[in-house]
Amino acid sequence: MRPGVVSPQSDVRHTPGDAPPPHSTFGSLRIRNYRLFFTGQVISNIGTWMQRIAQDWLVLTLTGSAAAVGITTALQFLPMLVFGLYGGVLVDRLPKRPLLVFTQSAMGATGLALGVLTLTGEVQVWHVYATAFVLGLVTVVDNPARQTFVSEMVGPDQLSNAVSLNSANFQSARLIGPAVAGVLIGAVGSGYAFVFNGLSFVAPIAALLLMRTSELRQVERTPRGRGQLREGLRYVAGRPELLWPIVLVGFIGTFGFNFAIWLTAFTHTVFHSGAQTYGLLNALLAAGSLAGALLAARRATSRLRMLVAAALVFGLLEIVAAVTPSFWLFAFLLIPIGMFGLTVNVTANSSIQMATDPAMRGRVMALFMMVFTGGTPIGAPLVGWITDTYGPRVGFAAGGAVSALAAVAIGLILTRIAGLRLRELRASAIWREVVNPEPAHHASEPLDVAAAATERARSRTPVAA
């Protein structure tokens with residue numbers, strides 16, 4: 001049996017009462033292991049968002065610079081850019097559940113360490129830089145492991161739904177975490193937010209340990225070998241339905257998702273407000289993202305047409321928000337920005353996973369996460385510099401413009417590839433009809449060779465949006 005292919009014997013069979021109905025918004029939650037995973041992640045994600053808000057605000061307080069916030073963000077995502085593909089190779093080789101127990105424990109330790117430094121009054125900006133970098137190193141393995149472990153819990157039929165619910169989970173926590181962090185920072189400072197985040201990782205670790213391993217879909221691990229990283233890159237390069245969505249999310253992740261920089265700068269420089277306002281803006285962005293995730297969970301398929309359209313609207317909305325003079329209009333626009341940004345992420349994630357062989361999924365998802373989050377070390381300092389030099393409005397508009405232009409360019413590329421494949425398949429089908437004609441049809445059922453070939457081509461074209 002080829003490595004990575006799920007054997008029929010390992011396919012988990014659920015009782016009728018346990019089987020999720022097709023296209024149910026919350027269908028994946030009927031699977032016990034995924035329900036445990038989901039619950040643990042809710043608690044951990046709240047802590048993660050609390051730490052993100054506290055970390056950004058602490059750096060801004062210590063330095064007074066948006067560029068310093070950008071450097072912190074860059075250090076957290078730099079390991080993904082440098083080592084992301086190697087993380088994917090490890091994920092394809094190692095059992096994911098014990099690997100996640102280790103990575104979640106390490107991430108909790110970074111939060112506790114930063115919390116102790118802050119509460120004792122010893123924290124300096126380099127401490128924040130160091131813990132952000134260590135957290136990034138752990139994320140190199142944790143991110144692709146969590147992404148691919150979902151398919152082992154729910155199987156291919158519920159994969160798209162589970163990916164969407166994971167995003168809804170993350171965005172629900174994003175509604176709670178920033179609001180709690182804003183109040184906590186204003187009342188007692190950032191230290192307790194870091195401590196809460198460290199302790200919150202107890203929940204996902206417990207969930208992983210309580211899972212029934214017999215109900216996980218057993219995927220054969222890829223054996224250790226040479227050239228596996230290059231093999232993963234060749235695999236993606238030869239498949240436009242994987243390559244171009246990854247390129248698109250790379251542009252958007254690098255230039256369009258620098259909200260830590262923009263929202264701190266708008267709060268501090270444009271609206272002359274404090275941590276509570278910053279928490280409110282993050283909560284509104286999360287509300288839109290949550291709505292986008294729940295809408296995505298209801299969709300049965302993830303189409304590239306939706307990905308490109310959502311990316312274009314996302315970029316245009318960022319430009320509009322950048323120039324709006326009113327605080328409340330700016331705040332309102334964050335809701336659709338979050339909705340369309342999340343749609344881009346979920347659609348790309350689920351379509352890429354479903355189009356990838358299980359043996360390659362760790363490496364492909366590591367590449368996806370590498371370009372989506374690993375581009376931040378390139379984009380964040382640049383966007384931070386533009387924001388400091390020319391103002392938050394120019395920085396925000398520039399990120400939106402790059403996102404919109406990337407969506408237009410890649411949409412045209414995918415359309416051209418789909419058109420070329422359609423013409424090739426149509427010509428091939430017509431030639432087969434000429435060389436080996438089918439039996440004559442009844443006069444009342446004339447054979448339209450071109451139409452039939454077109455229909456077959458359309459059904460076989462994987463990059464058609």
Side-chain angles (χ1 to χ4, degrees), residues 52 56 59-60 64-74 77 174 178 247-273 277-289 292 307-345 348 371-373 375-412:
R52 285 193 179 188
D56 295 341
V59 170
L60 192 65
S65 170
V69 178
I71 291 170
T72 307
T73 306
F77 294 110
R174 191 176 181 181
V247 171
L248 178 56
V249 299
F251 273 102
I252 291 176
T254 301
F255 299 104
F257 269 74
N258 290 286
F259 295 109
I261 297 171
W262 293 323
L263 296 186
T264 51
F266 266 86
T267 300
H268 192 260
T269 306
V270 178
F271 302 125
H272 307 289
S273 191
T277 298
Y278 180 53
L280 171 64
L281 295 179
N282 274 279
L284 291 171
L285 188 67
S289 300
L307 172 63
V308 172
L312 176 60
V313 175
F314 171 78
L316 294 176
L317 284 170
E318 286 195 333
I319 295 171
V320 173
V323 300
T324 186
S326 165
F327 169 79
W328 288 112
L329 182 57
F330 176 85
F332 172 78
L333 285 171
L334 291 177
I335 297 174
I337 287 173
M339 181 184 299
F340 284 99
L342 196 283
T343 300
V344 170
N345 191 1
V371 300
F372 185 61
T373 62
T376 302
I378 299 171
L382 177 60
V383 169
W385 175 79
I386 294 172
T387 301
D388 273 346
T389 305
Y390 299 102
R393 296 189 186 278
V394 174
F396 202 7
V402 171
S403 300
L405 290 173
V408 170
I410 291 171
L412 292 174

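Each residue takes its place number in the sequence, starting with 1. Worth knowing before you read on, the calculation uses all heavy atoms, side chains too, and leaves out hydrogens, waters and symmetry mates.
- To the nearest 0.5 angstrom, Thr267 atom OG1 is 4.5 Å from Leu281 atom CG.
- With sequence neighbours excluded, the residues satisfying side-chain contact (heavy atoms from CB on, under 4.5 Å) with Ser289 are Gln171, Arg174, Leu342.
- In terms of the side-chain hydrogen bond (donor to acceptor under 3.5 Å, both in side chains) criterion, Asn345 has no residue partners (sequence neighbours excluded).
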Side-chain donor-acceptor pairs of residues 317-332 under 3.5 Å, sequence neighbours excluded:
unit_1	atom_1	unit_2	atom_2	d
Glu318	OE1	Gly400	N	3.2
Ser326	OG	Trp328	N	3.3
Ser326	OG	Leu329	N	3.3

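- Distance CG/Leu60 to OG1/Thr264: 5.5 Å, rounded to 0.5 Å.
- In this structure, Val247 and Val371 have side chains that are not in contact, with every pair of non-hydrogen atoms separated by 4.5 Å or more.
- Of the candidates Phe255, Phe340, Phe257, Phe257 is the only one forming a ring-ring contact (aromatic ring centres under 6.0 Å, His included) with Phe314.
- Take Phe251 and apply the ring pair (Phe, Tyr, Trp, His ring centres under 6.0 Å) test, not counting sequence neighbours, and it matches no residue.
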Side-chain donor-acceptor pairs of residues 381-389 under 3.5 Å, sequence neighbours excluded:
unit_1	atom_1	unit_2	atom_2	d
Trp385	NE1	Thr389	OG1	3.3
Thr387	OG1	Val383	O	2.7
Asp388	OD2	Ala67	N	3.1
Thr389	OG1	Trp385	O	2.8

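- Residues passing the side-chain contact (heavy atoms from CB on, under 4.5 Å) test with Ile71, sequence neighbours excluded: Leu75, Tyr129.
- Residues Phe396 and Phe259 form a side-chain contact, since some pair of their non-hydrogen atoms from C-beta on lies under 4.5 Å apart.
- For the pair Leu263 and Leu334, the minimum side-chain heavy-atom distance is below 4.5 Å.
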